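All values reported here derive from a predicted model rather than from experimental measurement.
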Amino acid sequence: MQLTDDFLREFLKKTKNIIIVGASNNPERASNGVMKFLMQKGYNCFPVNPKEEEILGVKAYKSISDVPVTPDIVDVFRRSEFAPEIVKESIKKGAKLIWLQEEVYSEDAKKIAEEAGVPIIMDKCIFKEFMRLGLYAI
């Protein structure tokens, strides 16, 4: 599936629930800033980090399967070698789109997502894409 700018704009406008895999309480981490940004945009964010109880005031979950909603997007802030397993778990959870952040790239993960018919974005920052697409006010 070709992910055009128009597709992304419309998808992000319709999105409600975003799972953030690798979310962190550390304000120096990109995942913290991105989650804060997405929450300010009105998205329901569900952080996944087995080492945290709560992130930015939101209950943290041990795994994707523990999150109590079907995600529109699973946004991944983990190293590339973890991507295939995360993609498999995201597909099982019913994710409509999988987003691997900057420097997260896996051909295996891409193949798994494509075989399941789930769009995947790799090596791109969701925040930077919001800015590039002009989605300041959602």
Side-chain angles (χ1 to χ4, degrees):
M1 166 184 258
Q2 183 60 35
L3 300 179
T4 65
D5 286 355
D6 287 341
F7 170 86
L8 276 180
R9 270 190 207 96
E10 286 311 304
F11 191 88
L12 290 167
K13 286 177 184 173
K14 290 187 286 190
T15 290
K16 299 259 183 286
N17 299 317
I18 302 177
I19 292 177
I20 316 269
V21 179
S24 171
N25 269 316
N26 182 345
E28 312 261 316
R29 298 284 227 184
S31 64
N32 183 280
V34 167
M35 182 171 158
K36 192 180 289 182
F37 169 79
L38 293 169
M39 287 169 60
Q40 289 168 347
K41 290 286 180 199
Y43 295 108
N44 302 315
C45 291
F46 300 87
V48 170
N49 184 328
K51 296 178 183 149
E52 300 283 358
E53 293 295 315
E54 186 177 276
I55 297 171
L56 296 172
V58 178
K59 176 182 172 25
Y61 296 89
K62 303 284 181 226
S63 70
I64 292 168
S65 57
D66 292 336
V67 176
V69 300
T70 300
D72 295 303
I73 298 173
V74 175
D75 190 11
V76 181
F77 290 87
R78 294 290 316 274
R79 291 195 315 265
S80 298
E81 63 259 32
F82 298 114
E85 282 308 310
I86 292 168
V87 167
K88 286 178 192 170
E89 196 177 355
S90 300
I91 291 164
K92 274 191 200 140
K93 191 68 180 170
K96 295 179 188 85
L97 185 136
I98 299 165
W99 197 301
L100 306 183
Q101 285 291 138
E102 285 182 335
E103 299 177 21
V104 185
Y105 185 90
S106 166
E107 283 299 323
D108 289 342
K110 181 180 179 185
K111 187 174 181 219
I112 293 163
E114 286 174 347
E115 285 174 0
V118 177
I120 185 167
I121 294 169
M122 297 191 294
D123 193 24
K124 284 190 192 281
C125 173
I126 196 168
F127 170 79
K128 289 178 182 175
E129 288 299 292
F130 262 86
M131 297 301 113
R132 187 183 69 75
L133 294 167
L135 295 172
Y136 310 108
I138 284 191

Nearest heavy-atom pair of [X] and [Y]: which atoms, and what distance?
X    : Y   : result
C125 : V34 : SG-CG2, 4.4 Å
T70  : G94 : CG2-O, 3.5 Å
E129 : W99 : CG-CZ2, 3.5 Å
S80  : P84 : O-CD, 3.7 Å

* To do: Check salt bridge (Lys or Arg N to Asp or Glu O under 4.0 Å) between E28 and all other residues, then give those that pass, not counting sequence neighbours.
  => none
Would [X] and [Y] show up in the same hydrophobic cluster when neighbours are defined by side-chain heavy atoms closer than 4.5 Å?
X   : Y    : value
L3  : I112 : no
I18 : L97  : yes
I55 : F46  : no
F82 : M122 : yes
L56 : V74  : no

* With D72, which of K14, K16, K96 fulfils side-chain hydrogen bond (donor to acceptor under 3.5 Å, both in side chains)? -> K96
* Excluding sequence neighbours, so at least two apart, what forms ring pair (Phe, Tyr, Trp, His ring centres under 6.0 Å) with Y61? -> none
Any side-chain heavy atom of [X] sitting closer than 4.5 Å to one from [Y]?
X    : Y    : result
L135 : K13  : yes
R9   : D6   : yes
M39  : V58  : yes
Y43  : L12  : yes
V87  : V118 : no
L38  : I20  : yes
F77  : V104 : no
I126 : F37  : no

* **E81, CD: over 12 other non-hydrogen atoms inside 6.0 angstrom** => yes
* To do: Give a yes or no on this: more than 12 heavy atoms of other residues, nucleotides or ligands lie within 6.0 Å of atom NZ of K36.
  => no
Do any N or O atoms from the side chain of [X] and from the backbone of [Y] form a donor-acceptor pair under 3.5 angstrom?
X    : Y    : answer
D5   : L133 : no
S31  : G22  : yes
K93  : V67  : yes
N49  : S24  : no
Y105 : L100 : no
E52  : A60  : no
Q101 : D75  : no
S63  : V48  : no

* Identify, with sequence neighbours excluded, every residue that meets side chain to side chain donor-acceptor pair (under 3.5 Å) alongside E102. => K128
* May I ask you to decide whether E114 forms a salt bridge with K111, counting only side-chain N to carboxylate O separations under 4.0 Å? => no
* To do: Before accepting this row, confirm whether a basic side-chain N of the pair K88/E85 lies closer than 4.0 Å to the acidic partner's carboxylate O.
  => yes
* Asked: Regarding N32 and N26, is there a side-chain donor-to-acceptor distance under 3.5 Å anywhere?
  -> no
* To do: Nearest 0.5 Å please: distance from the CD1 atom of I120 over to the CD1 atom of I98.
  => 5.5 Å
